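Below is one structure. I have some questions about it.
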Amino acid sequence: MDCDKPLKKNKWNLLFLTGLCLAATLAGCYLLMPSDASEEYAYTVNSLFRFGFIPLLLLTAILFYLSRRGTPAACFMARNCGWFLFCFAGILLISYPVFSPWAGGAHWSLGITFSICWAMGTLCMAFGLFWLSSRFENLLAALFCLFASIFLAYFVGETAFLLTSQPRDGRWRDHAHSKYVLEGKAIEFFPVLNTKIGPMPLRPDTPEGAAVHRELRYDLELFDARYTLNAKNHRITPPANDKPLAGLMIFGCSFTFGYGLNDDQTWPWLLAKELGPAWKVENYGSNGFGAQQMLAMLEENMVEKPTTPIREALFMTINGHIPRNSGLFPMDSVSYDLLENGDLVRGKMTSESPLRAFVDWQHVLNGSQLAREISDRIVAWLTRQLRPEQTRTFVAILEKSARILRSRYGTSLTILLWPDIEDIAPLLENRGLKVLLVRNMLKDFDSAGVTAYHIVPCYEGHPNLKATTEIAGALALYYRDIEKNALSSPGFPNSANGK
């Protein structure tokens, strides 16, 4: 029996080969599943493979067999089921990454698998919708063609970024195989404590009180660090005397907390070691924090008031801190709004900001390279457009923090500027805030550049041990001068520093 054009042999060969490719893709997702995958992830993969692979393979084989026979049943199925087969396969492939656990930080092969699923799924949807549009001759045909074109464009973009970006990335976390976990000296993850200012790490209920952070690039280990928290849920520093002479409160983000560094490699630890046991140094920094967390901690009395005669406060800031108050950052935190009259008021959590949608987009389209690229570029563009407004709010947050530290804690705030945010130094100094430039503390900065002080140059930009050592050494000289001047001032400790 002869069938019409959709049943031509070459088209059915294409259909058969496409079905086999889709089945092979599902099989690859199953076979490439990491050995240490979570129970939820393993259940998702097994379910998709069990209910998707065999039916897809059988349906493709049956359609191929019937089409080669040229039977009436084949003609009917080609006219009515061909588009459905493509759309069904497309939905199945797209559902795999959407309903799977978050790919960020997982094995690099999972990211590639998810990206392949997005590419193949959108291609199938394009084929199916184009096929369906051929059955109509009205507005529906135009609509199906429009949506098919969108899916086809997504396939092209996803494939392009898959071939140029995903394999280059290859970054993932493997806490389970950290030497500290294997030796029983730490657990894999910190518990999380949800507070008024946002989530904070909680000291594990173990004798070590430590968790690990092990990252790799493909099979190359970038670092294997052990993070230990004290009873106050802060990164530990060397202990001080029973009656210390000076107290130093240090605020900041992962640069202060010590991302990728062991406890004795962070610059607050090294600074405390340089200053000696007469200085009590408390590290209030945490991964993902910004200026808004510092202010909220001060307002909520989450900062211990020092009783030492000499009191100092320090905040290290980077360019990435400026948009963190606006919602253009994945970590949830308290936010502040700057009113027209210059007053600063507590706002909603950053997760409630409309801008957060541009960050969460890539989480919804889990593992899609195109979604990640578009999301990152939109966020970067919004950050540039909103920088003047966000900078004013950022400076207002620092000013209010300085006022609280001065009135409630009897100390001034010194702001440490990383090289990428030095442009706001004049603005801060005009507001009466003390500023120190990190570039002046890094001995090889002028000759080698800032990348010489990265954990992995041009790839992992957090400070390495060389950077933390030189920063701690320069700050030790700075605070020794403050200590010397305080000790020589009349009436010490009843001086301004000791109120």
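These numbers come from a predicted model, not from an experiment.
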Check your understanding: How long is the gap from CZ on Phe445 to OG1 on Thr451, to the nearest 0.5 Å?
Key ->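 The distance works out to 9.5 Å.
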Point to revise | Which atom of Pro463 lies closest to which atom of Thr468, heavy atoms considered | key: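 In terms of heavy atoms, the two residues are closest at CB-CG2, 4.3 Å.
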Review point. Just by modelled atom types, is the Gly209 backbone N or O under 3.5 Å from a matching donor or acceptor in the Thr206 side chain?
Key: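 Yes, the answer is positive, given that a donor and an acceptor are paired below the 3.5 Å cut-off.
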Check your understanding: In Å and rounded to the nearest 0.5 Å, what is the CG to NE2 distance from Asp224 to His175?
Key ->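 One gets 10.0 Å once the value is rounded to the nearest 0.5 Å.
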Practice item. Would you mind listing every ring-ring contact (aromatic ring centres under 6.0 Å, His included) that reaches into residues 353-386, with sequence neighbours excluded? Key: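 The answer is Trp102-His363.
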Exercise for review: Kindly determine whether Glu215 and Arg173 satisfy salt bridge (Lys or Arg N to Asp or Glu O under 4.0 Å), including the steps that lead there.
Suggested key: CA-CA 4 Å; Glu215 287 199 9; Arg173 296 179 179 181; 3.1 Å; yes
Check your understanding: Parallel under 30°, tilted from 30 to 60°, perpendicular over 60°: which one fits the rings of Trp172 and His107?
Key ->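 Plane angle between 30° and 60°, so tilted.
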Review point. Can you name the residues that form a salt bridge (Lys or Arg N to Asp or Glu O under 4.0 Å) with Asp481, not counting sequence neighbours?
Key: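 None.
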Check your understanding: Tyr478: what forms a side-chain contact (heavy atoms from CB on, under 4.5 Å) with it, not counting sequence neighbours?
Key ->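 Partners of Tyr478 by the side-chain contact (heavy atoms from CB on, under 4.5 Å) criterion, ordered by chain and then number, come out as Thr414, Lys434, Leu436, Ile482.
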Point to revise | Pair Glu304-Tyr284, side-chain donor/acceptor within less than 3.5 Å | key: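 Absent: no donor and acceptor within the cut-off.
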Review point. For the residue pair Ala176 and Leu182, what are the closest heavy atoms and their distance?
Key: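 Closest approach of Ala176 to Leu182: O-CD2, 3.8 Å.
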Practice item. Quick one: do Arg214 and Leu222 satisfy side chain to side chain contact (heavy atoms under 4.5 Å, CB included)? Show the steps, please. Key: CA-CA 8 Å; Arg214 182 172 184 259; Leu222 300 180; over 6 Å; no
Practice item. Using only heavy-atom distances, determine whether the side chains of Asn287 and Arg235 contain a donor-acceptor pair under 3.5 Å. Key: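 No, Arg235 and Asn287 have no side-chain donor paired with an acceptor closer than 3.5 Å.
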Practice item. Kindly write out the residues that satisfy side chain to side chain donor-acceptor pair (under 3.5 Å) with Thr159, not counting sequence neighbours, or none if the list is empty. Key: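 So Thr159 forms no side chain to side chain donor-acceptor pair (under 3.5 Å) with any residue.
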**Study point:** Met249 and Leu314, any side-chain heavy atoms less than 4.5 Å apart
**Key:**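 They are not in contact (no side-chain heavy atoms under 4.5 Å apart), so the answer is no.
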**Study point:** Contacts of Thr317 that satisfy side-chain contact (heavy atoms from CB on, under 4.5 Å) - sequence neighbours left out
**Key:**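 Thr317 satisfies side-chain contact (heavy atoms from CB on, under 4.5 Å) with Phe315, His321, Phe394, Ile415, Leu417, Ile421 once adjacent residues are dropped.
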Point to revise | Thr393-Asn325 side chain donor-acceptor pair, cut-off 3.5 Å | key: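 On atom types as modelled, these side chains do not qualify, holding no pair under 3.5 Å.
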Side-chain donor-acceptor pairs of residues 191-204 under 3.5 Å, sequence neighbours excluded:
{"from": "Thr195", "atom 1": "OG1", "to": "Ile197", "atom 2": "N", "distance (Å)": "3.3"}
{"from": "Thr195", "atom 1": "OG1", "to": "Gly198", "atom 2": "N", "distance (Å)": "3.4"}
{"from": "Thr195", "atom 1": "OG1", "to": "Gly198", "atom 2": "O", "distance (Å)": "2.6"}
{"from": "Arg203", "atom 1": "NH1", "to": "Leu229", "atom 2": "O", "distance (Å)": "2.4"}

Exercise for review: Kindly indicate, with the supporting measurements, whether the criterion side-chain hydrogen bond (donor to acceptor under 3.5 Å, both in side chains) is fulfilled by Arg387 and Asn319.
Suggested key: CA-CA 10 Å; Arg387 182 178 172 83; Asn319 188 58; 2.7 Å; yes
Review point. Taking only residues two or more places apart in sequence, or in another chain, which ones meet Arg346 in a salt bridge (Lys or Arg N to Asp or Glu O under 4.0 Å)?
Key: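 In terms of salt bridge (Lys or Arg N to Asp or Glu O under 4.0 Å), with neighbours along the sequence ignored, Arg346 is linked to Glu299, Glu300.
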Review point. Does a donor on one side chain sit under 3.5 Å from an acceptor on the other, for Ser335 and Gln292?
Key: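 No donor-acceptor contact under 3.5 Å links the two side chains.
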Practice item. Give a yes or no answer on whether the side chain of Tyr227 reaches the backbone of Gly260 with a donor-acceptor pair at less than 3.5 Å. Key: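 Such a contact is found between Tyr227 side chain and Gly260 backbone.
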**Study point:** Inter-residue atom distance His177.NE2 - Leu216.CG, 0.5 Å rounding
**Key:**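 It is 10.5 Å, given to the nearest 0.5 Å.
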Point to revise | Donor + acceptor pair across side chains of Thr113, Tyr96 (<3.5 Å) | key: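 No, no side-chain donor-acceptor contact under 3.5 Å.
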Exercise for review: Go through Gln362 and Ser368 one step at a time and tell me if the side-chain hydrogen bond (donor to acceptor under 3.5 Å, both in side chains) criterion holds.
Suggested key: CA-CA 7 Å; Gln362 57 183 294; Ser368 169; over 6 Å; no
Point to revise | Distance (rounded to the nearest 0.5 Å) between Gln293 CD and Ser401 OG | key: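 Spacing of CD (Gln293) from OG (Ser401) equals 11.0 Å.
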**Study point:** Given Trp267, Phe255, Trp418, Phe257, the one that forms ring-ring contact (aromatic ring centres under 6.0 Å, His included) with His462
**Key:**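 Going through Trp267, Phe255, Trp418, Phe257 one by one, the ring-ring contact (aromatic ring centres under 6.0 Å, His included) with His462 is satisfied by Phe255 alone.
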Review point. Hey, what do you get for CZ (Phe161) to OG (Ser115), rounding to the nearest 0.5 Å?
Key: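 Spacing of CZ (Phe161) from OG (Ser115) equals 10.5 Å.
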Check your understanding: Got a sec, which pairs hit side-chain hydrogen bond (donor to acceptor under 3.5 Å, both in side chains) with one end in residues 272-282, sequence neighbours left out?
Key ->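 Output for this query lists Asn230-Glu282, His234-Glu282, Trp279-Glu483.
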Review point. Considering residues at least two apart in sequence or located in another chain, which fulfil the side-chain contact (heavy atoms from CB on, under 4.5 Å) criterion with Thr469?
Key: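 Thr469 satisfies side-chain contact (heavy atoms from CB on, under 4.5 Å) with Leu270, Leu465 once adjacent residues are dropped.
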Review point. Between CG of Asn464 and OH of Tyr453, what distance do you get to the nearest 0.5 Å?
Key: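 Output value for this atom pair is 8.5 Å.
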Review point. Between Asp337 and Lys348, does a salt bridge (Lys or Arg N to Asp or Glu O under 4.0 Å) hold up when you go through it step by step?
Key: CA-CA 9 Å; Asp337 298 321; Lys348 297 180 180 180; over 6 Å; no
Exercise for review: Check step by step if side chain to side chain contact (heavy atoms under 4.5 Å, CB included) holds for Gln369 and Trp118.
Suggested key: CA-CA 9 Å; Gln369 278 293 290; Trp118 280 104; over 6 Å; no
**Study point:** Test item: Leu271 and Ile250 side chains (from C-beta on) under 4.5 Å apart, heavy atoms
**Key:**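 They are in contact (side-chain heavy atoms under 4.5 Å apart), so the answer is yes.
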Review point. Excluding sequence neighbours, so at least two apart, what forms salt bridge (Lys or Arg N to Asp or Glu O under 4.0 Å) with Arg324?
Key: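 Not a single residue meets the salt bridge (Lys or Arg N to Asp or Glu O under 4.0 Å) criterion with Arg324.
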Review point. Could you go step by step and tell me if His213 and Phe223 meet the ring pair (Phe, Tyr, Trp, His ring centres under 6.0 Å) rule?
Key: CA-CA 8 Å; His213 185 182; Phe223 55 81; 4.9 Å; yes
Check your understanding: Ser326 side chain to Pro323 main-chain N or O, any donor-acceptor pair under 3.5 Å?
Key ->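 Flag set: sc Ser326 to bb Pro323 pair under 3.5 Å.
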Exercise for review: Could you list the residues that satisfy salt bridge (Lys or Arg N to Asp or Glu O under 4.0 Å) with Asp420, not counting sequence neighbours?
Suggested key: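 Once residues adjacent in sequence are excluded, Asp420 has no partner under the salt bridge (Lys or Arg N to Asp or Glu O under 4.0 Å) criterion.
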Point to revise | Any pair counted as side-chain hydrogen bond (donor to acceptor under 3.5 Å, both in side chains), so long as it reaches residues 236-253, sequence neighbours left out | key: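 Counting only pairs at least two positions apart or across chains, no side-chain hydrogen bond (donor to acceptor under 3.5 Å, both in side chains) contact touches residues 236-253.
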Review point. Are Arg311 and Tyr409 in a cation-pi contact, defined as NZ or CZ under 6.0 Å from the six-membered ring centre and within 45° of the axis?
Key: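 No, Arg311 does not sit over the ring of Tyr409.
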Exercise for review: Apply salt bridge (Lys or Arg N to Asp or Glu O under 4.0 Å) to Lys466 and Glu470, showing your working.
Suggested key: CA-CA 6 Å; Lys466 175 180 174 63; Glu470 294 182 6; 3.0 Å; yes
Check your understanding: Which heavy atom of Leu298 sits nearest a heavy atom of Phe251, and at what distance?
Key ->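 In terms of heavy atoms, the two residues are closest at CD2-CZ, 4.2 Å.
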Practice item. Considering non-hydrogen atoms only, spot the tightest contact between Leu248 and Ala313 and give its length. Key: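 Taking every non-hydrogen atom into account, CD1-N, 4.2 Å.
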